[in-house]
Amino acid sequence: MDLLDVFLILATFLCSLVAGFLFAFAIVVMVGIGTLDDRGFLRAFQVMDRVIQNNQPVFVGLWAGSVIALIGAVLAGFRVLGGGDWWLLFSVMLVYLLGVQLTTFTINVPLNNRLQRLDLNALDDARLQRERADFETPWVRWNMSRTVWSSLVSLSLILITLRL
């Protein structure tokens, strides 16, 4: 087993865990808290997001590790893989970095941060309803996009690993 194999297996594993995490949010977490009233929904999301924002070590390792392992696989594969295989791996990395990571840090995290700044106890029902609509609709839409891209990346990495 060479360095490319190690990075590829690690990238496949970690990117698959990220895809599963996003998928679970898409089909269970957001659906479940979606049944709560506006204040309950916003508070539940604040609490869950605070765990992540407080640099929960397993989450940070998973999220950052997926990026590092995928970049490592691309770098390790540069001299080992043939042109077509390397470009395929490079393309998968770009999809992950742009479709999952960039979307996360330019759309989902700013929405999360805005929500974290709200004092829910100080908001009336009409404002809670507006805040929820301004948060939930775009957050769910972009999380679904991240879920699709990360799932495609995971599947692609599995196929690349099996091919090599």
Side-chain angles (χ1 to χ4, degrees), residues 7-8 10-34 36 38-78 86-120 122-123 127-160:
F7 274 121
L8 198 51
L10 191 57
T12 302
F13 176 67
L14 294 174
C15 289
S16 295
L17 287 176
V18 168
F21 176 81
L22 296 172
F23 184 69
F25 256 83
I27 68 162
V28 175
V29 174
M30 295 307 283
V31 174
I33 68 171
L36 299 172
D38 296 333
R39 188 180 315 274
F41 171 86
L42 295 170
R43 186 175 315 283
F45 197 94
Q46 279 181 332
V47 170
M48 287 183 293
D49 182 55
R50 201 167 299 121
V51 171
I52 294 168
Q53 295 225 9
N54 286 337
N55 294 319
Q56 202 283 341
V58 174
F59 180 82
V60 170
L62 164 68
W63 202 267
S66 67
V67 172
I68 293 166
L70 190 50
I71 291 170
V74 169
L75 294 175
F78 183 71
W86 184 81
W87 281 107
L88 177 61
L89 184 57
F90 181 80
S91 298
V92 168
M93 179 193 69
L94 282 181
V95 167
Y96 189 70
L97 294 177
L98 298 175
V100 179
Q101 298 295 329
L102 184 66
T103 300
T104 296
F105 290 106
T106 61
I107 298 171
N108 292 86
V109 168
L111 285 168
N112 296 359
N113 290 342
R114 184 175 178 281
L115 181 61
Q116 287 298 339
R117 290 189 297 271
L118 294 178
D119 178 1
L120 301 179
L123 303 180
R127 175 84 187 275
L128 285 167
Q129 187 177 27
R130 277 195 316 275
E131 293 295 344
R132 179 179 180 165
D134 290 347
F135 174 81
E136 185 177 21
T137 300
W139 199 96
V140 167
R141 177 177 45 246
W142 286 103
N143 187 65
M144 187 57 67
S145 171
R146 297 184 306 164
T147 301
V148 169
W149 289 121
S150 63
S151 297
L152 290 172
V153 164
S154 180
L155 178 61
S156 297
L157 289 171
I158 290 168
L159 294 174
I160 290 169

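What you see below is based on every heavy atom in this structure, not just the backbone, and it leaves out hydrogens, waters and symmetry mates. Predicted, not measured: the structure shown is a model, and the values here were computed from it.
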A.B. asks: Between Thr104 (side chain) and Val100 (backbone), is there a donor-acceptor pair under 3.5 Å?
C.D. replies: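 Judged by distance alone, yes, a pair lies under 3.5 Å.
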A.B. asks: Can you tell if the side chain of Arg130 reaches within under 4.5 Å of the side chain of Leu123, non-hydrogen atoms only?
C.D. replies: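 When only atoms from C-beta onward are counted, Leu123 and Arg130 do not touch, as no gap falls below 4.5 Å.
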A.B. asks: Considering non-hydrogen atoms only, spot the tightest contact between Ala26 and Met144 and give its length.
C.D. replies: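 Heavy atoms of Ala26 and Met144 come nearest at CB-CE, 3.8 Å.
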A.B. asks: Do Gln46 side-chain atoms and Leu115 backbone N/O form a donor-acceptor pair below 3.5 Å?
C.D. replies: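 Looks like yes, one N/O pair under 3.5 Å.
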A.B. asks: What closest approach, in Å, do Gln101 and Ser66 show between heavy atoms, and which atom pair accounts for it?
C.D. replies: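 Closest approach of Gln101 to Ser66: NE2-OG, 4.0 Å.
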A.B. asks: Keeping the roles fixed (side chain from Trp86, backbone from Val74), state whether a donor-acceptor pair exists under 3.5 Å.
C.D. replies: yes
A.B. asks: Kindly indicate, with the supporting measurements, whether the criterion side-chain contact (heavy atoms from CB on, under 4.5 Å) is fulfilled by Arg127 and Leu118.
C.D. replies: CA-CA 11 Å; Arg127 175 84 187 275; Leu118 294 178; 4.0 Å; yes
A.B. asks: How many angstroms lie between atom OG of Ser150 and atom CG of Leu155, to the nearest 0.5 angstrom?
C.D. replies: 11.5 Å
A.B. asks: Is the side chain of Arg39 donor-acceptor paired with the backbone N or O of Leu120 at a distance under 3.5 Å, no angle test?
C.D. replies: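 Indeed, once roles are kept as given, a pair shorter than 3.5 Å links the two residues.
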A.B. asks: Given side-chain contact (heavy atoms from CB on, under 4.5 Å), test Leu62 with Leu14 step by step and report yes or no.
C.D. replies: CA-CA 6 Å; Leu62 164 68; Leu14 294 174; 4.0 Å; yes
A.B. asks: Hey, does Tyr96 have a side-chain heavy atom less than 4.5 Å from the side chain of Val67?
C.D. replies: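 A side-chain contact under 4.5 Å exists here.
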A.B. asks: Could you tell me whether Phe23 atom CZ has more than 12 heavy atoms of other residues or ligands within 6.0 Å of it?
C.D. replies: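 Counting neighbours around CZ of Phe23, 12 or fewer heavy atoms of other residues, nucleotides or ligands fall under 6.0 Å, so no.
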A.B. asks: What closest approach, in Å, do Leu36 and Gly40 show between heavy atoms, and which atom pair accounts for it?
C.D. replies: CD1-O, 3.6 Å
A.B. asks: Between atom CH2 of Trp87 and atom CG of Leu94, what is the distance when rounded to the nearest 0.5 Å?
C.D. replies: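 It comes to 8.5 Å.
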A.B. asks: Can you name the nearest heavy-atom pair linking Ser151 to Ala19, along with the distance?
C.D. replies: N-CB, 3.9 Å
A.B. asks: Do Trp149 and Leu152 pass the side-chain contact (heavy atoms from CB on, under 4.5 Å) test, and can you show the C-alpha distance, the side-chain angles, and the key distance before you say yes or no?
C.D. replies: CA-CA 5 Å; Trp149 289 121; Leu152 290 172; 4.1 Å; yes
A.B. asks: Let me confirm one number: the CD-CG distance from Gln116 to Leu42, rounded to the nearest 0.5 Å.
C.D. replies: 10.5 Å
A.B. asks: Within 45° of the ring axis of Trp139 and under 6.0 Å from its six-membered ring centre, is that where the NZ or CZ of Arg132 lies?
C.D. replies: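 No, cation not above the ring by the 6.0 Å, 45° rule.
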A.B. asks: Can you tell which of Asn112, Asn108, Asn54 makes a side-chain hydrogen bond (donor to acceptor under 3.5 Å, both in side chains) with Asp49?
C.D. replies: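 Checked Asn112, Asn108, Asn54 against Asp49; only one passes side-chain hydrogen bond (donor to acceptor under 3.5 Å, both in side chains): Asn112.
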A.B. asks: If you apply the rule side-chain contact (heavy atoms from CB on, under 4.5 Å), what do you find for Val92 with Val95, and how did you get there?
C.D. replies: CA-CA 5 Å; Val92 168; Val95 167; 5.7 Å; no
A.B. asks: Minimum heavy-atom separation for Gly34 to Glu136, with atom names?
C.D. replies: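 So the two residues come closest at CA-OE2, 4.1 Å.
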A.B. asks: So Met48 and Ile33, do their side chains get closer than 4.5 Å, heavy atoms only?
C.D. replies: yes
A.B. asks: What is the distance from atom OG1 of Thr147 to atom CZ of Phe21, rounded to the nearest 0.5 Å?
C.D. replies: 10.0 Å
A.B. asks: Report yes if some heavy atom in the side chain of Leu70 is under 4.5 Å from a heavy atom in the side chain of Leu157; otherwise report no.
C.D. replies: yes
A.B. asks: To the closest 0.5 Å, what do you measure between CG (Leu97) and CZ (Phe105)?
C.D. replies: 11.0 Å
A.B. asks: To the nearest 0.5 Å, what is the distance between CZ (Phe41) and CZ (Phe135)?
C.D. replies: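 Reported value, rounded in 0.5 Å steps: 5.5 Å.
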A.B. asks: More than 12 heavy atoms of other residues, nucleotides or ligands under 6.0 Å from CD of Gln129: is that the case?
C.D. replies: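 It does not: Gln129 CD has 12 such atoms or fewer within range.
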A.B. asks: More than 12 foreign heavy atoms under 6.0 Å from CH2 of Trp142: is that the case here?
C.D. replies: no
